[in-house]
Engineer: 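Just passing along the structure, written as structure tokens.
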Amino acid sequence: MASYDHKKIEKKWQKEWEKSEIYKTPDEQKSKDNFYALVEFPYPSGNLHTGHWYAFSVPDIFTRKKRMEGKNVLFPIGFDAFGLPAENAAIQRGLSPKKWTYENMDYMRKQIKSIGASFDWSREVITADPEYYKWTQWIFLKFFEKGLAYQAETPVNWCPKDKTVLANEQVVGGHCERCGTEVIQKNMKQWMLKITDYAEKLLEGLEKLNWKDEIKEAQRNWIGKSEGAEIEFEIKDNKSKIKIFTTRPDTLFGATYMVLAPEHPFIENHKSQVTNYKEVEKYINQAKKKTQLQRQKEEKEKTGIELKSIKAINPANNEEISVWVADYVFSGYGTGAIMAVPAHDERDFGFAKKFKLPVKHVIAWESGSKREREERRDGGCAVIFDHQKQKYAFGKTPEGILDLFGGGVGNEDLTRGIKREIEEESGLHDFVSEELLDEALVHYFNYKKKVPRLARATCLLLVLGSDKLGKIAQEDHEDYKILWLDPEEAISYWEERNKDSDYTHWIRFLKRGVNWLVMAGIDTTNKLYPEPTVHTGKGILVNSGKFDGMDSENAKWKIIKFVSGKKAIQYRLRDWVVSRQRYWGAPIPIIHCTKDGAAAAPEKDLPVLLPEIKDYKPYDDGKSPLAKAGKWLKVKCPKCGGEAERETDTLDTFVDSSWYFLRYCDPINKKEFASSAKMKTWMPVDLYSGGAEHTTMHLLYSRFWFKAMFDLGLIPKELGDEPYKERRNRGIILGPDGQKMSKSKGNVVDPDEYVAKFGADTVRMYLAFIGPYNEVGSYPWNPQAILGIRRFLDRVWKIASPRSSTLGVFEDSTPSVLPRGDSARLLNKTINKVGDDIEEFHFNTAISALMMLLNEMEKAGVSSENFSVFLKLLAPFAPHLAEELWSKLGNKNSIHFELWPEYNPKLIEETTFELIVQINGKVRDKFEVPADILEAEATHLTLEREKVKLALENKKPRRIIFIPKRLISLVL
RNA sequence: GGGUAGGUGGCGGAAUUGGAAUACGCGCUAGCCUUAGGAGCUAGUGCCGAAAGGCUUGAGGGUUCGAAUCCCUCCCUACCCACCA
């Protein structure tokens, strides 16, 4: 059987390529444009997994094609070599992290080479190399000088097991990403980068970038911009004020209390005025001790405590409101204090309900449509529930119309008025509890009086103690019958009626009421509706003094002005904590002096080398193990010359990887991190391919880093301040069982095993064939399907082999079989399709096109000339096999620098096509016609067809639609 | 709960963007060949039906001569975020 020896061939060409350095990329090449293709460099974990193969081998197809198109392609690789796992492994096995890491790199380098990717190894970058981290430190110092890097006491995520601070991104579900231990909050002095200063620039930059919208949107959400206002609340009998941030100034009249974050300085500053300070202090301490997980578990269950004897003044209506401390307000966002509007915010509502705080509705929503000359009416209605029956009470009019009980209210108290109306209509009066549910502005038409009206409708929620009827003060029109129904019955009735009149407010009132009762456990038979229990949307202002009747958007700005607040913008993005209390990282090049504070290490002393120590364990209090390096620690203060100590924290690895793509441009420069000239030849990165998991961390951090460098003048101006022109995220490969690969599940696929069995070309091509690459899908590894690719490559080998009956390309350099017209067309079409598909990263369909071409070649035969074209198309996918067959064809040069074949557009055009005949939308016939057939001719031919005549049954088509090169559609 | 991407045969997935749904591959079935293999070759393979024919792109409705593709309603899955005022 013609099965080729992949081991021999692949080894041979990998050696040959390395020897002849064909992938070594010069900075410039005559008459060739530069193209920078970047893949995320690996962490040297010790073994290359399927994910790495997917990350490296598939983009390699793209870069190979770019090269064949005549581009000078930079496709570099290196190692993100600092980081926790090295240290953990080292501590466990008593090795040095350096040794562990560098040995892993040696092994993985071999593995990566086995992929047959066209990486330029001469530009390899290793972040743990002093020649690299020297510049990491240098750039950090530039940031420090500019005030972009600073030290501050902040609550940080602390892993008690790893004894280190974790970035928010390293905390997964309240647990340490690495070891799974529950993460706690701890206050520590940390080095931070002011990424928040760049929040706006990072957002604006996205506008111009030609990235997929989903990636941009993910970054936007992460940055989390909110526009709103800062408003000050005065404290009664006190000169101080509390500033809050809100996105809904339009709800200010509904603010019935305030909440401060436990860390808010006001509390400490006013402890003497707080009569229950002891309890407050206790609450604050408890809140601080909570782990992230606890906070998440308790999510909806609010806790808090009132600052007794402290009252604030709502600046909108001068009402006195209480002040609370609760951990649902964060110190790190906004001003660490909020105004609480329980009627229009779910969190505030939950809190108000628990602590029985007042709820005041100030936003109503409109129902119905506005008419001319509306009469104003105020009134209300109620959702009435009998918990013994577990049913709701509705009124039925003599005309058979279903209503919520209620009616107009004059000058009397709203609640009392509504209840009076209800009693008059229904007789129900034994209400044991009542709640204010919602408000709506209802446009409706009163058919009796024949006038359009606008009613402000307040809805109450009433729970009955009993369904006893009182004396009904009957008025002539109020002869309702009580109906006890499930909410669904009423809702479907109203929805039906909605076709001619508008009852949306009742539907919403009822759903809100049901939700309220279900949550309170009073209604035990119904389920929650998806609608929010609280009206959080926009609407028309009510209960808001002179702003009544205005819409939210309008009122927002007017109210800010009214209370002398000011517009403010907040971001969810926090400053980036970059210090790690760990050994295996780049030392932060700072010197602490008791007199001068934190000072930059002198530039001439860079790199601040990582000292050799014996024990890599961090101190239990979180101090970095570098504090154990006695000699290294002690230095002279660069300012005063006195005794000083080095900073012992190291930099987060995200810092290392924030600029590695710049070093690739100029990897061995001793004087600069990279020269301007070389950055100009390569930057910005033309295409950055990586994992979706880095969208909001590495990708955002490195954009920030680049912008900051740009502003410092470290990046040539003409490059702009965005490092990546295009970014594409790939999907993930699952285990054969469709689950994420993991050792515990035992479904890990070892790529080396498959490379040994089938060869690198097969594995590469299988991964490219498995599904569309730049969609964030997930594809199970199918051990059977990979055989199909190997079969394909074997057939390629076979068709080229001298013994092949189809063709002996090696014995005869002249075409042995002339391709028929169809074959020539298919060949040209395939050139077109494969080229386009690779450009779009649709490798799966490109491969399918190659398979179809091979099928055709096997049937029809192929000239050696055309086979060479096929080989060129195959070369990016199966570089070893293509190179071998290319050389067997007698070529001395490498196929990988051949020009990408061009297709002949004329040959692609079809001279005929199959005309589809549709009759009433169904395919009834098809036949071959010339490609340029005109409508009249096509119609004529169609009507002559036997099948068509039969289907038409002597009827004449009412309409005929002819679509050139496709079909003709007859409508009877 | 929010954001994003999706839902097409037994499986991975195609479909020129509104024009023959299921390309290509895996798997499966039958046959051939043989140096008995995870080999090769040939034919078949969405579903129902003996056939004519009918049905089919998560479910239901709509627009259209024509819908996987566009519009409404609903259901489900994956990833990320999650008390951010």
Side-chain angles (χ1 to χ4, degrees), chain A residues 1-3 168-169 173 212-218 220-222 224 226 228 244-248 251 259 261 295-296 298-302 326-330 332-341 344-348 350-351 530 532 536 570-574 692-693 695-696 729 731-732 738 757-758 766 769-772 775-792 794-795 798 833 836 842 844-852 854-855 858 914-923 926 957-961 963 965-972:
Chain A
M1 156 58 211
S3 186
N168 284 336
E169 297 81 4
K212 271 201 170 186
D213 282 337
E214 63 215 64
I215 302 178
K216 293 207 245 181
E217 197 55 29
R220 278 191 204 108
N221 288 342
W222 194 265
S226 326
I244 59 101
F245 172 76
T246 179
T247 53
R248 293 293 302 274
T251 63
V259 186
R295 282 196 179 215
Q296 265 167 34
E298 290 165 4
E299 203 175 305
K300 292 279 138 65
E301 188 57 39
K302 299 279 183 293
D327 63 1
Y328 82 92
V329 173
F330 301 125
Y333 185 79
T335 60
I338 62 157
M339 65 176 200
V341 185
H344 305 292
D345 182 284
E346 294 219 59
R347 295 152 302 181
D348 296 342
F351 191 81
T536 54
Q570 282 295 326
Y571 304 90
R572 297 172 74 117
L573 187 69
R574 306 292 157 86
E693 71 276 16
T695 312
T696 47
N729 287 350
I732 52 167
K757 252 191 226 168
F758 302 119
Y766 172 61
F769 188 57
I770 205 165
E775 277 172 29
V776 191
S778 43
Y779 312 107
W781 176 280
N782 182 343
Q784 295 290 324
I786 192 170
L787 262 165
I789 296 290
R790 175 62 202 225
R791 254 176 233 154
F792 167 77
D794 275 336
R795 279 162 57 209
K798 194 175 154 195
K833 173 138 184 80
D836 286 357
H842 293 162
N844 53 337
T845 48
I847 291 171
S848 120
L850 288 173
M851 286 172 167
M852 286 192 271
L854 180 68
N855 290 346
E858 281 177 337
E914 197 160 38
L915 182 71
I916 307 300
V917 183
Q918 285 187 357
I919 296 173
N920 279 348
K922 304 229 178 227
V923 179
K926 48 198 154 187
R958 202 155 44 84
R959 231 182 117 187
I960 295 173
I961 296 135
I963 309 291
K965 296 195 180 167
R966 299 237 184 276
L967 53 73
I968 185 158
S969 182
L970 311 181
V971 189
L972 292 183

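Every chain is numbered from 1, with letters handed out A, B, ... down the list of sequences. What you are looking at is a predicted structure, and each value in this text was computed from that prediction instead of being measured.
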Engineer: Ignoring hydrogens and geometry beyond distance, is the side chain of A:R220 in donor-acceptor contact with the base of B:U4 at under 3.5 Å?
Structural biologist: no

Engineer: Syn if the chi torsion is within 90° of 0, anti otherwise; quick check, which is B:G31?
Structural biologist: anti

Engineer: Measuring to OP1 and OP2 of B:A85, would you say a side-chain N or O of A:S226 lies under 4.0 angstrom away?
Structural biologist: yes

Engineer: Between A:S3 and A:R790, does any side-chain donor sit less than 3.5 Å from a side-chain acceptor?
Structural biologist: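 Yes.
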
Engineer: Base, sugar-phosphate alone, or nothing: which one does A:N855 contact when heavy atoms must sit under 4.0 Å apart?
Structural biologist: sugar-phosphate

Engineer: Nearest whole angstrom, please: distance from the P of B:A5 to the CD1 of A:I732.
Structural biologist: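 So the CD1-P distance, A:I732 to B:A5, works out to 18 Å.
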
Engineer: Could you check whether A:D794 pairs with A:K798 (Lys NZ or Arg NE/NH1/NH2 to Asp/Glu carboxylate O, under 4.0 Å)?
Structural biologist: no

Engineer: Quick check on B:U17: syn or anti? Syn means the glycosidic torsion is within 90 degrees of zero.
Structural biologist: syn

Engineer: When rounded to the nearest Å, what value does the distance between C1' atoms of B:G31 and B:G12 take?
Structural biologist: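 Going atom to atom, C1' in each nucleotide, I get 28 Å.
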
Engineer: At under 4.0 Å between heavy atoms, what does A:Q570 touch on the DNA or RNA strands: base, sugar-phosphate, or nothing?
Structural biologist: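 Contact class for A:Q570: none.
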
Engineer: Among B:G19, B:A5, B:A85, find the nucleotide with the atom closest to the side chain of A:L967.
Structural biologist: B:G19

Engineer: Counting just side-chain N and O atoms, does A:K922 come under 4.0 Å of either OP1 or OP2 of B:C55?
Structural biologist: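 Looking at the OP1 and OP2 atoms of B:C55, one of them is under 4.0 Å from a side-chain N or O of A:K922.
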
Engineer: If every non-hydrogen atom of A:V259 is compared with every non-hydrogen atom of A:A340, which pair is closest and at what distance?
Structural biologist: CG2-CB, 4.4 Å

Engineer: I'd like the C1' distance from B:G18 over to B:C71, given in whole Å.
Structural biologist: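 Per the computed distance, 14 Å lies between those C1' atoms.
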
Engineer: Please determine if a side-chain N or O atom of A:Y328 lies less than 4.0 Å away from the OP1 or OP2 oxygen of B:A85.
Structural biologist: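 So the side chain of A:Y328 is outside the cut-off, no N or O lying under 4.0 Å from OP1 or OP2 of B:A85.
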
Engineer: Whole angstrom is fine here: how far is it from CD1 in A:I968 over to C1' in B:G66?
Structural biologist: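 Distance, rounded to whole Å: 14 Å.
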
Engineer: With a 3.5 Å cut-off and just heavy-atom distances, do the side chain of A:Q918 and the base of B:A20 make a donor-acceptor pair?
Structural biologist: no

Engineer: A:I786 CD1 to B:G38 C1': how many Å, rounded?
Structural biologist: 12 Å

Engineer: Counting C-beta onward and ignoring hydrogens, is there a side-chain heavy-atom pair between A:R795 and A:N855 closer than 4.5 Å?
Structural biologist: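 With C-beta onward as the side chain, the pair touches.
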
Engineer: Using the P atom on both, measure B:C24 against B:A43 and round to a whole Å.
Structural biologist: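 Here B:C24 and B:A43 have their P atoms 13 Å from each other.
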
Engineer: Write down the partner of B:G12 under the Watson-Crick or G-U wobble criteria, each distance required to be under 3.5 Å.
Structural biologist: B:C24

Engineer: Where the side chain of A:M852 is concerned, which of B:A20, B:A85, B:A23 is the nearest nucleotide?
Structural biologist: B:A23

Engineer: When you measure from the side chain of A:F758, which nucleotide among B:C41, B:G38, B:C83 comes out closest?
Structural biologist: B:G38

Engineer: State whether A:Y328 and A:K302 meet the cation-pi test: NZ (Lys) or CZ (Arg) under 6.0 Å from the six-membered ring centroid, and within 45° of the perpendicular axis.
Structural biologist: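 Yes, cation above the ring, under 6.0 Å and within 45°.
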
Engineer: Rounding to the closest angstrom, what is the interatomic distance between B:U77 and B:U63 at atom P?
Structural biologist: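 Per the computed distance, 32 Å lies between those P atoms.
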
Engineer: Just how far, in rounded Å, is P of B:C79 from NZ of A:K212?
Structural biologist: 18 Å

Engineer: Rounded to the Å, how far apart are A:E775 CD and B:U4 C1'?
Structural biologist: 13 Å

Engineer: Give me the distance, rounded to whole Å, that separates B:G27 from B:C11 when you measure between the C1' atoms they each carry.
Structural biologist: 7 Å

Engineer: For nucleotides B:U22 and B:G9, find the distance between their P atoms and express it as a whole number of Å.
Structural biologist: 14 Å

Engineer: Nearest whole angstrom, please: distance from the C1' of B:A20 to the CD1 of A:I963.
Structural biologist: 14 Å

Engineer: Side chain of A:R795 only, heavy atoms from C-beta on: which candidate in B:C83, B:A20, B:C41 is closest?
Structural biologist: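 Among B:C83, B:A20, B:C41, the one nearest the side chain of A:R795 is B:C41.
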
Engineer: What N/O pairs connect the protein and nucleotides 27-35 of chain B at under 3.5 Å? Give each pair on its own line.
Structural biologist:
residue	atom	partner	partner atom	Å
B:G27	OP1	A:Q784	OE1	3.1

Engineer: Among the candidates B:G3, B:C41, B:A23, find the nucleotide nearest to the side-chain atoms of A:N221.
Structural biologist: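 Closest nucleotide among those given: B:G3.
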
Engineer: Quick test: give all pairs of protein nitrogen or oxygen and nucleotides 9-13 of chain B nitrogen or oxygen below 3.5 Å, distance rounded to 0.1 Å.
Structural biologist:
residue	atom	partner	partner atom	Å
B:G12	O2'	A:I770	O	2.5
B:G13	O3'	A:N844	ND2	3.4

Engineer: Does any nucleotide pair with B:C74 by Watson-Crick or G-U wobble geometry, both distances under 3.5 Å, and what is it?
Structural biologist: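 B:C74 is paired with B:G58.
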
Engineer: Under a 3.5 Å cut-off for both distances, is B:A30 Watson-Crick or wobble paired, and to whom?
Structural biologist: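 Check on B:A30: paired to B:U42, both distances under 3.5 Å.
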
Engineer: Rounded to whole Å, how long is the line connecting atom NZ of A:K798 with atom C1' of B:G40?
Structural biologist: 6 Å

Engineer: Mind checking if A:T246 touches a base, just sugar-phosphate, or nothing, with heavy atoms under 4.0 Å?
Structural biologist: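 A:T246: backbone/sugar contact only, no base atoms under 4.0 Å.
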
Engineer: Nearest whole Å is fine: how far is B:A82 C1' from A:R572 CZ?
Structural biologist: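 Answer to the nearest Å: 7 Å.
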
Engineer: Please determine, for the side chain of A:K302, which listed nucleotide (B:C83, B:C41, B:C65) has the closest atom?
Structural biologist: B:C83

